[in-house]
Amino acid sequence: MKKRVLFLCTANSCRSQMAEGLVNHFLGDRFVANSAGTQASLVHPLAIEVMKEIGIDISSHRSKNLSEFDGQTFDYVITLCGDANETCPLYIGGTKKTHIGFDDPAKANGAPEEILNEFRRVRDEIKMKLGDFFQAQN
């Protein structure tokens, strides 16, 4: 049976969407990942773009509010931003949450290429840190 993971971030637009896509793509034999936000919005177009660069299509993802997962249980609940870590309940679906924080690429400033590079940097950091985290869980 695959373990269930819920990634939380405020807007469910960048970091949590990328984390969901990465885990389902690279660790989908052992995990099923979902994502949600404390204030759902839209999936950021640059998150879709940088994921596509590494062969992962999240263009069909949609931003979801945490309330959509009421009553469900998860093996891991992971907050990816400080706001979600502070505003989410301590236990969700009977699981204690874990916080693994990342910068918000949607707040990046600069030329379009600099902003795109920030999305790439955060994507790669999420891939590395989550890979290490789930490897340590074995």
Side-chain angles (χ1 to χ4, degrees):
M1 183 99 150
K2 293 182 182 182
K3 297 209 179 228
R4 296 189 72 219
V5 182
L6 180 62
F7 291 108
L8 298 173
C9 215
T10 305
N12 189 221
S13 66
C14 300
R15 294 165 284 188
S16 52
Q17 293 289 344
M18 291 191 285
E20 176 184 349
L22 287 162
V23 168
N24 285 332
H25 182 80
F26 290 111
L27 303 172
D29 59 327
R30 297 182 294 145
F31 299 95
V32 175
N34 291 284
S35 65
T38 56
Q39 302 167 16
S41 61
L42 298 171
V43 180
H44 199 291
L46 292 179
I48 295 169
E49 184 176 334
V50 300
M51 292 298 286
K52 188 174 277 189
E53 290 176 354
I54 62 168
I56 301 172
D57 183 5
I58 63 168
S59 63
S60 64
H61 284 200
R62 66 180 180 80
S63 184
K64 300 165 290 295
N65 192 284
L66 178 58
S67 63
E68 288 191 39
F69 295 96
D70 284 351
Q72 296 186 37
T73 58
F74 295 91
D75 298 289
Y76 301 95
V77 175
I78 301 173
T79 57
L80 304 173
C81 66
D83 185 56
N85 187 42
E86 293 168 11
T87 60
C88 287
L90 184 58
Y91 289 92
I92 300 166
T95 303
K96 187 175 188 215
K97 69 179 176 177
T98 300
H99 179 69
I100 305 173
F102 300 95
D103 294 333
D104 185 355
K107 292 183 178 178
N109 294 311
E113 188 63 26
E114 292 172 315
I115 295 170
L116 188 59
N117 283 336
E118 181 65 2
F119 272 83
R120 290 176 179 131
R121 183 189 70 77
V122 172
R123 173 203 63 203
D124 294 345
E125 189 176 312
I126 291 170
K127 180 182 175 190
M128 183 188 70
K129 283 188 178 180
L130 291 181
D132 291 347
F133 173 79
F134 287 113
Q135 184 175 8
Q137 301 307 305
N138 287 336

Nearest 0.5 Å, what's the [atom1]-[atom2] distance between [X] and [Y]?
{"X": "His99", "Y": "Thr79", "atom1": "NE2", "atom2": "OG1", "result": "5.0 Å"}
{"X": "Arg123", "Y": "Asn117", "atom1": "CZ", "atom2": "CG", "result": "9.5 Å"}
{"X": "Asn12", "Y": "Glu68", "atom1": "CG", "atom2": "CD", "result": "9.0 Å"}
{"X": "Leu130", "Y": "Glu125", "atom1": "CG", "atom2": "CD", "result": "10.0 Å"}
{"X": "Leu80", "Y": "Asp103", "atom1": "CG", "atom2": "CG", "result": "12.0 Å"}

### Set of side chain to side chain donor-acceptor pair (under 3.5 Å) partners for Ser59, sequence neighbours left out
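Ser59 satisfies side chain to side chain donor-acceptor pair (under 3.5 Å) with Asp57 only.
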### Query
Hey, are Glu118 and Arg121 close enough for a salt bridge, meaning a charged N less than 4.0 Å from a carboxylate O?
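Looking at Glu118 and Arg121, the cut-off is met.
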### Query
Taking 4.0 angstrom as the limit, do Glu113 and Arg120 come out as a salt bridge?
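The answer is yes: the pair qualifies as a salt bridge.
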### Query
Taking Ser16 for the side chain and Ser35 for the main chain, is one N or O donor matched with an acceptor at less than 3.5 Å?
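A pair under 3.5 Å: no.
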### Task
Look at the side chain of Gln17 and the backbone N and O of Arg62, then say whether any donor-acceptor pair between them is shorter than 3.5 Å.
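Judged by distance alone, yes, a pair lies under 3.5 Å.
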Is there a side-chain contact between [X] and [Y] (heavy atoms, below 4.5 Å)?
{"X": "Ile54", "Y": "Leu22", "result": "yes"}
{"X": "Phe31", "Y": "Asp75", "result": "no"}
{"X": "Phe133", "Y": "Val23", "result": "no"}
{"X": "Glu53", "Y": "Val50", "result": "yes"}
{"X": "Lys3", "Y": "Phe134", "result": "no"}
{"X": "Leu46", "Y": "Leu116", "result": "yes"}
{"X": "Glu20", "Y": "Lys64", "result": "yes"}
{"X": "Ser13", "Y": "Ser63", "result": "no"}

### Message
Atom CG of residue position Asn109 - does it have more than 12 heavy atoms of other residues, nucleotides or ligands inside 6.0 Å?
### Response
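No, not enclosed.
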Testing the basics here: between [X] and [Y], what is the closest heavy-atom pair and its distance to 0.1 Å?
{"X": "Asp104", "Y": "Cys14", "answer": "OD1-SG, 4.4 Å"}
{"X": "His25", "Y": "Gly55", "answer": "CE1-O, 4.0 Å"}
{"X": "Phe102", "Y": "Arg15", "answer": "O-NH1, 2.7 Å"}
{"X": "Phe7", "Y": "Ala33", "answer": "CE1-CB, 3.9 Å"}
{"X": "Gly21", "Y": "Ile58", "answer": "CA-CG2, 4.1 Å"}
{"X": "Ala47", "Y": "Met18", "answer": "CB-CG, 4.1 Å"}

### Message
Between Arg4 and Gln72, does the side-chain contact (heavy atoms from CB on, under 4.5 Å) criterion hold? Intermediate values first, please.
### Response
CA-CA 10 Å; Arg4 296 189 72 219; Gln72 296 186 37; 2.8 Å; yes
### Val32 with Leu66, same ILVMFWY side-chain cluster at under 4.5 Å
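In one cluster: no.
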